[in-house]
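Hydrogens, waters and symmetry mates are skipped; everything else that's a heavy atom, side chains included, is used.
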Amino acid sequence: MSAVGVILGSDSDLPKVRDCFEILDQFSVDYEVIVSSAHRSPEQTVEWVQKASGRGLKVIIAVAGGAAHLPGVVAAQTILPVLGVPVETNIAGGLDSILSILQMPAGIPVATMPTGKSGGANAALFAISILAVGDKSLSEKLIDYRKKMETKISEKNKAIKEMGLMNYIDKLEGKK
């Protein structure tokens with residue numbers, strides 16, 4: 001049984017949130033994915049959301065760009081936590097999507113993630129954090145994940161000291 005549901009308004013958004021799926025896989029969190037539009041397939045969207053908790057879902061990640069109504073439509077149909085991931089657009093670089101998701105009226109909350117790769121990754125990690133409240137094993141995995149991030153930062157600082165700042169920057173830019 002899946003714990004996380006991921007709903008996207010378009011299949012073209014799948015590659016944009018690839019990190020979401022990779023992180024859920026890394027943590028061995030089961031998830032289901034559906035492409036369903038708030039505008040083009042509203043009945044399918046509502047039906048999927050209304051049956052989500054009955055299928056065992058605990059959190060829903062809703063990915064949308066442009067008008068970005070999908071997370072709000074999802075949140076209006078369930079009491080499960082909804083994490084909105086705005087997709088970058090050609091119109092305003094994704095700011096339009098962020099604001100559409102962020103400006104939910106009082107009473108129908110949607111947690112809003114950033115656009116880009118960080119959005120999918122943070123949505124997965126936020127969903128895992130929610131699930132970890134009642135799952136000690138998942139909580140321990142999340143703590144280990146964060147410790148590994150901290151270790152990577154320490155390693156980068158060590159490399160800057162050893163290589164010298166300008167050499168390190170050159171390496172990042174692919175010059176050396």
Inspect the surroundings of [atom1] in [X] and state if more than 12 heavy atoms from other residues, nucleotides or ligands are less than 6.0 Å away.
X: Lys58; atom1: NZ; answer: no
X: Asn90; atom1: CG; answer: no
X: Tyr168; atom1: OH; answer: yes
X: Arg55; atom1: CZ; answer: yes

Pairwise distance [atom1]([X]) to [atom2]([Y]) - rounded to 0.5 angstrom:
X: Leu138; Y: Ile143; atom1: CG; atom2: CD1; answer: 10.5 Å
X: Ile91; Y: Ser97; atom1: CD1; atom2: OG; answer: 7.5 Å
X: Leu8; Y: Ser36; atom1: CG; atom2: OG; answer: 10.0 Å
X: Leu102; Y: Met113; atom1: CG; atom2: CE; answer: 10.5 Å
X: Lys141; Y: Leu131; atom1: NZ; atom2: CG; answer: 11.5 Å
X: Glu22; Y: Asp25; atom1: CD; atom2: CG; answer: 8.0 Å

Indicate if [X] and [Y] have the same hydrophobic cluster label, given that clusters are the connected sets of ILVMFWY residues with side-chain heavy-atom separations under 4.5 angstrom.
X: Val33; Y: Leu24; value: yes
X: Phe27; Y: Val6; value: yes
X: Val4; Y: Leu142; value: yes

Do [X] and [Y] touch side chain to side chain, with heavy atoms closer than 4.5 Å?
X: Ser10; Y: Arg40; result: yes
X: Trp48; Y: Ile60; result: yes
X: Val82; Y: Val49; result: no
X: Tyr145; Y: Ile128; result: no
X: Val59; Y: Phe126; result: no

Search all heavy atoms of [X] against all heavy atoms of [Y] and return the closest pair with its distance.
X: Ala38; Y: Pro42; value: O-CB, 3.5 Å
X: Ala127; Y: Leu83; value: N-CD1, 3.6 Å
X: Ser2; Y: Glu32; value: OG-N, 3.7 Å
X: Thr115; Y: Gly93; value: OG1-O, 4.4 Å
X: Val110; Y: Ile101; value: CG1-CG2, 3.6 Å
X: Val35; Y: Gln44; value: O-NE2, 3.1 Å

N-O pairing of Glu140 and Lys136 below 4.0 Å:
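Counted as a salt bridge, because a side-chain N and a carboxylate O are separated by less than 4.0 Å.
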Does Ser139 reach the main-chain N or O of Asp135 with its side chain, forming a donor-acceptor pair under 3.5 Å?
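Not a single qualifying donor-acceptor pair exists.
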Backbone N/O of Gly84 and side chain of Thr112: donor-acceptor pair under 3.5 Å:
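No; judged by distance alone, with no hydrogens or angles, the pair does not exist.
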With respect to Ile23, which candidate in Asn122, Leu125, Val29 satisfies the side-chain contact (heavy atoms from CB on, under 4.5 Å) definition?
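The option that passes is Leu125.
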Residues 61-80, side-chain donor-acceptor partners within the protein, below 3.5 Å, at least two apart:
from	atom 1	to	atom 2	distance (Å)
His69	ND1	His39	NE2	2.7
Gln77	OE1	Gln50	NE2	2.7
Thr78	OG1	Leu80	N	3.0

Donor-acceptor contacts under 3.5 Å from residues 158-166 side chains, at least two apart:
none

